[in-house]
Amino acid sequence: MLDPRRLRTDLDAVKAGLARRGLDLSEIERAAALEAEERSLKATVEGLRAQVRNLSKEVGQARKAGDVATAEAKADESRRVGEDERKLDAEVARIGAELRDILLRTPNLPADDCPGGASEHDNVIVRVEDYDAGAYGDHQRVPHWEVGATLGILDLERGAKLSGSMFPVFRGQGATLGRALCQLALDRNADAYEEIRPPSLVRTDTMVSTGHLPKFADEGYHLERDDLWAIPTAEVPLTSLGRDEIIPEADLPMRLMAYTPCFRREAGAAGRDTRGLLRVHEFDKVEILSYATPDQAAEAHADILARAEGSLKALGLAYRVLDLCAGDLGASAARTFDLEVYAPGCDMWLEASSVSWFSDYQARRANIRYRPATGGGTNVVHTLNGSALAVPRVWAAVVETYRRPDGSVAVPEALWPYFRGARSISG
RNA sequence: GGAGAGGUGACCGAGUGGCCGAAGGUGAUCGCCUGCUAAGCGAUUAAGGGGUGUAAAGCCUCUUCGAGGGUUCAAAUCCCUCCCUCUCCGCCA
């Protein structure tokens with residue numbers, strides 16, 4: 001959520017930022033008007049309330065002194081003032097609700113250095129690593145769903161039988177591969193990030209703090225009977241870990257990581273790039289996340305990006321880094337780098353990680369603050385996160401990249417420690 | 001799931017309608033005292049919003065005693081709903 005104060009101190013900058021996203025500005029102007037109105041009415045309501053409190057105090061004193069007539073008179077007066085207050089307060093509540101509703105739906109402002117642009121076509125390719133289009137042999141030009149089926153390590157039919165399409169079943173060394181990828185990511189980041197194993201089902205207010213609700217209600221799996229949501233990413237519980245807390249500055253940056261299942265309904269995505277593991281309803285992922293002061297944010301962002309890249313590099317996969325333009329940025333993000341891993345079999349760049357800086361947008365919703373070392377009031381923290389490794393698409397890239405002419409798949413050297421001595425996946 | 005007991009500031013804990021944002025204690029910070037340490041003495045010690053102020057300080061004011069709603073001139077205190085914790089029983093990896 002944007003800082004409501006900026007609506008009166010900094011409205012032009014807010015409008016300029018939202019304009020970069022290509023948004024209509026009438027709503028934010030409405031919000032600014034509501035904010036001013038709410039504040040002025042609130043001052044009046046507070047004055048009335050102060051009167052009620054004082055009069056009530058006088059009622060008590062008069063009664064104690066045995067002066068019933070005065071007590072009655074004061075009580076009557078207080079009742080009248082209270083009536084006025086109630087009426088006005090209802091008006092303030094109505095205005096406040098409308099203001100919050102707009103603010104909750106208004107996305108974050110893009111960072112100043114976020115590239116301009118309207119859609120994914122305007123994203124900037126920052127760099128391409130280890131990619132040589134001519135270097136792939138025919139044996140690598142087989143899509144992972146065929147490789148997986150042939151080797152018996154990916155069973156999409158039975159996944160569909162159990163749970164429907166887009167729920168993959170990994171078997172044998174295929175299952176090992178997925179788990180090994182996660183273990184690799186955890187091991188590579190354990191030097192700086194504390195491992196958390198959060199619940200996979202969370203309450204509605206937990207989903208709201210990260211901005212996944214109310215906007216993306218259609219994307220989440222909801223257990224109606226218990227009013228719980230299956231997490232779409234560990235970002236949700238990890239961000240809420242600090243909710244309503246005040247962190248000493250000395251504890252920042254606070255770095256966390258979690259290996260969790262992720263559940264996404266992918267409503268409306270049916271039929272579009274959904275073959276094999278390109279898009280699934282349930283997958284495993286290692287997420288890394290930081291709470292930081294505004295001053296630490298840039299460095300924290302760079303660290304997460306370097307670590308997300310590091311895993312792909314260690315696996316010997318080709319990938320590229322995209323700087324998302326303002327028009328393609330997620331609603332909560334101020335700046336995002338996407339990592340796309342190259343899968344030679346399907347000849348596609350697959351989004352494997354989104355490394356985002358949310359400035360104080362998420363933290364304001366979640367009410368995560370820190371107390372500066374210098375003392376004084378509290379400030380809202382900045383949050384940043386990214387996938388250290390998301391299984392299905394990286395699994396696909398590994399299987400396609402490492403396929404040999406004989407049809408087997410070599411185990412990347414980085415994963416040897418996790419393969420019980422095996423150097424190859426041959427079904 | 002059933003029965004019961006609870007949720008108050010960094011922590012412990014008092015508080016059953018007004019003088020309570022809240023006694024007392026612990027911890028912390030500052031100062032005093034003291035060869036040093038310990039003990040002792042004094043002061044300070046929640047968060048947030050609005051206003052005033054060049055700003056810091058200060059001052060005025062509102063909100064918050066698990067959350068939300070209600071009763072009342074007045075709610076930490078009474079009523080309702082929900083959440084959480086603990087104990088016993090039941091069930092169970």
Side-chain angles (χ1 to χ4, degrees), chain A residues 1-11 31-101 103-104 197-209 213 223-229 237 240-251 261 291 360 363-381:
Chain A
M1 190 168 81
L2 297 178
D3 186 350
R5 224 171 316 189
R6 294 190 72 181
L7 293 177
R8 65 172 187 270
T9 59
D10 211 12
L11 184 59
L34 288 169
E35 197 276 339
E37 197 181 353
E38 184 193 31
R39 199 156 28 86
S40 107
L41 285 180
K42 230 177 190 167
T44 311
V45 168
E46 284 178 5
L48 292 175
R49 189 162 303 160
Q51 279 186 51
V52 168
R53 285 171 61 130
N54 285 328
L55 286 166
S56 296
K57 221 167 266 186
E58 287 170 27
V59 171
Q61 282 160 1
R63 186 152 288 165
K64 187 163 254 181
D67 186 351
V68 178
T70 304
E72 290 295 316
K74 296 283 187 188
D76 278 350
E77 193 184 348
S78 177
R79 195 177 299 126
R80 275 196 301 277
V81 177
E83 279 300 309
D84 293 347
E85 188 224 315
R86 243 185 301 282
K87 269 183 225 147
L88 207 53
D89 196 44
E91 177 69 3
V92 170
R94 195 189 58 71
I95 292 169
E98 189 183 345
L99 173 61
R100 259 186 310 282
D101 181 60
L103 247 23
L104 278 177
R197 173 54 249 237
S200 308
L201 300 176
V202 298
R203 278 197 228 275
T204 296
D205 52 351
T206 303
M207 290 284 280
V208 172
S209 3
L213 285 178
L223 284 70
E224 214 154 299
R225 184 167 175 175
D226 300 288
D227 194 17
L228 290 170
W229 298 78
S240 273
L241 216 57
R243 195 167 79 216
D244 297 324
E245 299 204 11
I246 300 169
I247 302 167
E249 185 176 347
D251 291 349
Y291 299 159
D360 60 4
R364 176 164 290 106
R365 257 182 208 222
N367 192 27
I368 309 169
R369 293 166 293 170
Y370 71 95
R371 192 181 304 284
T374 51
T378 55
N379 292 330
V380 180
V381 304

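Keep in mind that what you see is a predicted model, and the values were worked out from it rather than measured. Chain identifiers are assigned alphabetically (A, B, ...) following the order of the sequence lines, protein sequences preceding nucleic acid strands; residue numbering begins at 1 within each chain.
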Next item on the list: Determine whether A:Arg365 and A:Leu104 make a side-chain contact, defined as any pair of heavy atoms from C-beta on separated by less than 4.5 Å.
Entry: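 In short, these two side chains touch, coming nearer than 4.5 Å.
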
Complementary nucleotide of [N], counting Watson-Crick and G-U pairs under 3.5 Å:
N: B:rG27; result: B:rU45
N: B:rC32; result: B:rG40
N: B:rC88; result: B:rG2
N: B:rG53; result: none
N: B:rG18; result: B:rC73

Note to self: Which heavy atom of A:Arg203 sits nearest to which heavy atom of A:Trp229, and what is that distance?
What the structure shows: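 Closest approach of A:Arg203 to A:Trp229, heavy atoms only: C-CD1, 4.1 Å.
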
Next item on the list: Answer yes or no: does a side-chain N or O of A:Arg53 lie under 4.0 Å from OP1 or OP2 of B:rC73?
Entry: no

Atom pair distance, as rounded to whole Å: [atom1] in [X] and [atom2] in [N]:
X: A:Arg49; N: B:rU63; atom1: CZ; atom2: P; result: 5 Å
X: A:Leu48; N: B:rG51; atom1: CG; atom2: P; result: 17 Å
X: A:Asp205; N: B:rG68; atom1: CG; atom2: P; result: 12 Å
X: A:Asp244; N: B:rA67; atom1: CG; atom2: C1'; result: 11 Å
X: A:Arg364; N: B:rG49; atom1: CZ; atom2: C1'; result: 13 Å
X: A:Glu58; N: B:rG18; atom1: CD; atom2: P; result: 17 Å
X: A:Arg5; N: B:rG51; atom1: CZ; atom2: C1'; result: 14 Å
X: A:Asp89; N: B:rG49; atom1: CG; atom2: P; result: 19 Å

Next item on the list: Answer with base, sugar-phosphate or nothing: what part of the nucleic acid does A:Arg203 contact at a heavy-atom distance below 4.0 Å?
Entry: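 Sugar-phosphate: the residue A:Arg203, judged by heavy atoms under 4.0 Å, touches backbone atoms but no base.
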
Say you pick atom [atom1] in [N] and the same atom in [M]; how far apart are they, in whole Å?
N: B:rC91; M: B:rC84; atom1: P; value: 23 Å
N: B:rC20; M: B:rA3; atom1: P; value: 40 Å
N: B:rA14; M: B:rG7; atom1: C1'; value: 15 Å
N: B:rU77; M: B:rU16; atom1: C1'; value: 5 Å
N: B:rG13; M: B:rU71; atom1: P; value: 34 Å
N: B:rA46; M: B:rC65; atom1: C1'; value: 12 Å
N: B:rU34; M: B:rC41; atom1: P; value: 16 Å
N: B:rG15; M: B:rG6; atom1: C1'; value: 16 Å

Notebook entry, point to check: Are A:Arg243 and A:Ser240 linked by a side-chain donor-acceptor pair shorter than 3.5 Å?
Noted result: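 Result is yes, a qualifying pair exists.
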
Note to self: With hydrogens left out and only the distance checked, is there a donor-acceptor pair under 3.5 Å joining A:Arg39's side chain and the base of B:rG49?
What the structure shows: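 No, no donor-acceptor pair under 3.5 Å.
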
Note to self: Once rounded to the nearest 0.5 Å, what's the spacing between atom CG of A:Asn367 and atom CD of A:Glu245?
What the structure shows: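 With rounding to 0.5 Å, CG (A:Asn367) is 10.0 Å from CD (A:Glu245).
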
Item checked: Separation of A:Glu72 CD from A:Arg63 CZ (nearest 0.5 Å) -> 6.0 Å

Checklist line | Carboxylate-amine/guanidinium contact A:Glu83 A:Arg86, below 4.0 Å | finding: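 Looking at A:Arg86 together with A:Glu83, the answer is yes, because their closest N to O distance falls below 4.0 Å.
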
Next item on the list: Run the salt-bridge test on A:Asp76 and A:Arg79 with the 4.0 Å N-O cut-off and return the result as yes or no.
Entry: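 The answer is yes: the pair qualifies as a salt bridge.
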
Notebook entry, point to check: Starting at the 5' end of RNA chain B, which residue's closest nucleotide do you reach first, A:Ala50 or A:Ile246?
Noted result: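 Its nearest nucleotide lies further toward 5', so the answer is A:Ile246.
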
Item checked: 5' precedence on RNA chain B between A:Asn54 and A:Ala75 (nearest-nucleotide basis) ->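 Its nearest nucleotide being more 5', the pick is A:Asn54.
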
Checklist line | Given B:rG50, B:rG49, B:rC73, the nucleotide with the shortest approach to the side chain of A:Glu46 | finding: B:rG49

